[in-house]
Structure formats: C-alpha cells, structure tokens
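Keep in mind it's a predicted model, so treat the numbers as computed, not measured.
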Amino acid sequence: VKNLINSFRVSCMGDPQSDNTFDVIVIGAGIIGSTAGYHAVQKGFNTLLLEQFPLGHSRGSSHGHSRITRHCYGGENQFGQFMPEAYKLYAQIEKESGTKVYHKTGGLFFYRKKHVYEEDIKTLKEMEQHGCSFDTFEGADKIKKKFPFMTIEKDPMFAIMEHDFGVLDPSKAVPAYQKMFTERGGTIKESEKVIGLDLKSSQVTVTTNKGHEYRAKKLILSAGSWINKLLPELKLNISPRRVNVMYWREKTPGSFPVKMGMLDYDDDVYMIPSLEYPGLFKVCDHDPKDEVDPDNRDANLDGTERARVQELLANYIETYMPGLHSTPVVVETCIYSSTPTTDFLIDNYPGLDNVAIGGGFSGHGFKMAPVSGRLLVELVTGPKKNIQYDLSKFNVDNFIKK
C-alpha cells in the first residue's frame, strides 16, 4: 500500500508557483472526498483534493483493513437504496486500479423483531434483480441447526444469510481512488490544513496553513469529524465519537469456524473476520458514547467507556459465541462522525448551489462512499436530475441545531 501511495504522491505535489485556480476543490481526502474527487475528474473537471494529514493517516475514519458491506439494512431503506450502485462502483474501481478491495464472506443477520426482519426480506427481494441472493431462517431451532457454533436464545428469533455480505479494505480502497484520480489529471495536496473559507462570491477561496489560496467555482466539504471546525456557523448536529475497536481469539484454533460476518440489530453488535489480524475476530459495539475533539482523539482516556464496551462485548460473546475468549487480544481506537439518527448529511450548503457538504456518516458510510461521492459532485456540477435517490433524510436542515 505504501508503494501504491508513493507511486502517485510524487506526481501530485504540484508546483507552488503554478496556477491555484480549479473547477472543483474537495476538502478532505478520506473515502468520501477521494470518491468525490474521482467522480469530478471523471466528468472532466480540473479538481484539487486537499488533505490536512499525510496520505494514509489513521486520524480519521478511512483507515484500517475492514469495513462491512451489505444490502440488508434493518428496514432503513434510505441507506439500502444506495447499495446496488455501491457494489457496482467498488467493482469498477477494482478493475480500473487492479486493486482488490472487496472480500466476499457472506453475512448472518439476527432479528428479534419480526417486522424488521420482514422489511429486510422485502428489500432483498427487490434487489434480487441486481444479483443479490439470500436465505431466511425462522425460529431458534432452525438457526441453531444451521449455525451450531452459535448459542441461540429462545424464540422469537429470525435470521437472514446474505451471500454478498463482505469486507471492504480501506487501506486499499482509498489509495485506489486517489491513484485513479491523479492518473486522470487530479491534483492532491497532502499535509495542508484549511484555515479559511470564503464562500460569499461566485468563486470560492480556500486558504491553507501553507499560505496558499486556492480558488474554484465549486466546493465539496467532506472533512469527516472536522466538519464543524470548518463550518462553525452552521452548528451542525454532528459529533465526533471515539470508538473502541476490539479483536478476539478462538479458545481452540478451528473451534469457531466462521469466515462470515454477523450483525445483531437489537444489541448493535457486529462481527467480521479480521483482515488486520488474521486469525482474530473483530467484534465491536456500534454505539459509541465518548464525544471527543478530533484533534485530541485519545485525550481523557480514563477507561470508563472502554470498560463499558469491553464488558458489553464480553457478555455478548459468552452468551452467543462461546468458542471465543471473552477477553480481547487487541484494542484500538478510531473515530465516528455521528448524527443523532445516524442519517448522513448529503446536501448543498444553505443557499449555495456551488457548495456541497458530506458528513455525519456515523460509522457506516464506507460501504456507500462511491455513491455519496458521486452525489456530492452532482449537487455542485449538475445536472441534479442524475440524483435518482430520495435524499430527503440527508437534507442539511435536518442537522442544523435549533
């Protein structure tokens, strides 16, 4: 991956005396910004991608080796609507870049609420035309028979096995998009922090800590947990949250023969095979509580929240996954930029058709990033008729604190 990054780092540094005017500027080179930049150059726009940290950094939400991808969404169709295109676009970048990003594992979803289970079945049936395949299981006895390595509680209990569920590798996906972006003429400036924005004129001006002023007709803000630091005037209801990521080992090698992912909607717990640490299992809580300053993510680590999460997951593992040790082998931190509803912000800046904001991806936006990036480009470059999705839940008005 370092070679992949270095191969285009040299070509994208640019001449400090060169023209600093672009068609589109994208702030933030995580997965959202990198896909947006890619789609902008695909449409023929001279595009600048600005990143405050060195490429490949681990300060945001786009590092590591494993993110879930799936069609099933617990009845939340505002997200599921994106998935057929997301699968297609990730396959496209794999082909263009020659980089493997998606690892198909299959995934098991547990439900205790029948109406949520039935809503996901409805969604999956609608996606069968896109090649999505799945199996359903009703009743604890049937689930236990099919998956004997799990301890299944008494009814009501329902499960769906989605065969295209898989793991996306951020350490490959982000550089792949950046590589194709620069090969198509895009410019990346890394280790360059934005310290000023002038959005008032028809041409946006972006000032950085290196004394540069960049100008463009169009601007996309995809700064992750730093979005409120860039746009304090909007008072967006997006909070950076520190996440405790935990990896667990089998009690006996081969005793927990699981190569697939699992997600429990009621307990907000998920598990996927670990690409970071082969042989370990990534079992995590999807509801972090610690609000943090993204510039000091690991400050005030008093251990209270980590202890809460570890106890929650240890109890879950002891109850449902007895083949795993109930003490994690590795504990790391990352960061979510969370909204109260976990809906995303994908919309224009209020009153400005030439500025778009992407934020609040709440720890589950990676799988949809190629679509989100494309939509952000459509919002500022048009035509908006190409936005074939219902984005009403992603409107900026939903996220401005009243």
query = Cation over ring, Arg249 on Tyr247, under 6.0 Å and within 45°?
reply = no
key: Closest non-hydrogen atom pair between Asp343 and Phe79, with its separation   = OD1-CZ, 3.3 Å
Counting only pairs under 3.5 Å, give me each side-chain donor-acceptor contact of residues 232-240, with atom names and distances, residues two or more places apart or in other chains.
unit_1	atom_1	unit_2	atom_2	d
Glu233	OE2	Tyr349	OH	2.6
Ser239	OG	Arg241	NE	3.1

request  = Specify whether Phe344 and Phe394 have parallel, tilted or perpendicular ring planes, treating 30° as the upper limit for parallel and 60° as the lower limit for perpendicular.
outcome  = parallel
ask   = Any side-chain heavy atom of Ile346 within less than 4.5 Å of one from Leu379?
value = yes
message = For the backbone of Pro370 and the side chain of His39, can you confirm whether one donor and one acceptor N or O come within less than 3.5 Å of each other?
response = yes
request  = Determine yes or no for a side-chain-to-main-chain donor-acceptor pair under 3.5 angstrom, with Ser222 supplying the side chain and Gly28 the backbone.
outcome  = yes
task = Could you tell me whether the side chain of Phe281 reaches within less than 4.5 Å of the side chain of Met321, counting heavy atoms only?
result = no
request  = Indicate yes or no: does Asp295 engage Lys229 in a salt bridge with an N to O separation below 4.0 Å.
outcome  = yes
message = Classify the ring geometry of Phe53 against His57: parallel below 30°, tilted from 30° to 60°, perpendicular beyond 60°.
response = tilted
query = Is the shortest distance from a Lys or Arg side-chain nitrogen in Glu305 or Arg308 to a carboxylate oxygen in the other one below 4.0 Å?
reply = yes
inquiry  = Whether the side chain of Asp23 engages the backbone of Asn46 through a donor-acceptor N/O pair (distance < 3.5 Å, no angle test) should be reported.
reply    = yes
query = Ignoring hydrogens and geometry, is there a side-chain-to-backbone donor-acceptor pair from Ser61 to Ile335 under 3.5 Å?
reply = yes
message = So does Arg215 get a backbone contact from the side chain of Gln203, meaning a donor-acceptor N/O pair under 3.5 Å?
response = no
query = Between Tyr111 and Phe109, how do the two ring planes meet: parallel, tilted or perpendicular, split at 30° and 60°?
reply = tilted
inquiry  = Is it the case that the side chains of Lys189 and Asn20 hold a donor-acceptor pair, with the cut-off being a distance below 3.5 Å and no angle test?
reply    = no
ask   = For Tyr87, which residues count as a side chain to side chain donor-acceptor pair (under 3.5 Å) partner, sequence neighbours excluded?
value = none
key: NZ/NE/NH1/NH2 to OD/OE distance under 4.0 Å, Glu378 and Arg374   = yes
task = Of all the heavy-atom pairs spanning Thr105 and Lys259, show the shortest one and how long it is.
result = CB-O, 3.2 Å
key: Flag side-chain contact, heavy atom, 4.5 Å: Lys104 against Asp164   = yes
Heavy-atom check, side chain of Phe110 versus side chain of Asp267, under 4.5 Å = no
ask   = How close do Val26 and Thr47 get, heavy atom to heavy atom, and via which atoms?
value = CG2-CG2, 4.1 Å
task = Please answer whether the main-chain N or O of Gly382 pairs with a side-chain N or O of Lys43 as donor and acceptor at a distance below 3.5 Å.
result = yes
ask   = What pair of heavy atoms forms the shortest contact from Val245 to Lys282, and how long is it?
value = CG1-CE, 3.5 Å
query = Are any non-hydrogen side-chain atoms of Phe134 and Lys125 less than 4.5 angstrom apart?
reply = yes
request  = Starting from the C-alpha separation in whole Å, work towards a yes-or-no answer on side-chain contact (heavy atoms from CB on, under 4.5 Å) for Thr123 and Cys72.
outcome  = CA-CA 7 Å; Thr123 299; Cys72 247; over 6 Å; no
inquiry  = Strictly distance-based, threshold 3.5 Å: is any side-chain N or O of Glu162 a donor or acceptor partner for the main-chain N or O of Gly107?
reply    = no
task = Determine whether the aromatic ring centres of Trp248 and Tyr316 lie less than 6.0 Å apart.
result = no
task = Examine distances only and state if a side-chain atom of Thr342 and a backbone atom of Ser338 form a donor-acceptor pair shorter than 3.5 Å.
result = no
task = Decide yes or no for Lys367 and Tyr73: does some side-chain heavy atom of the first lie under 4.5 Å from some side-chain heavy atom of the second?
result = yes
inquiry  = Between Lys179 and Glu183, does any side-chain N to carboxylate O distance fall below 4.0 Å?
reply    = yes
inquiry  = Quick check: closest heavy atoms across Ala29 and Gln178, and the distance to 0.1 Å?
reply    = O-NE2, 3.1 Å
key: Ser326 side-chain N/O to Glu318 backbone N/O, donor-acceptor pair under 3.5 Å   = no
Note, Trp226 side chain near Lys193 side chain (heavy atom, < 4.5 Å) = no
Nearest heavy-atom neighbours spanning Phe165 and Met262 = CZ-N, 4.4 Å
key: Polar side-chain atom of Asp264 near backbone of Val269 as donor-acceptor pair, under 3.5 Å   = no
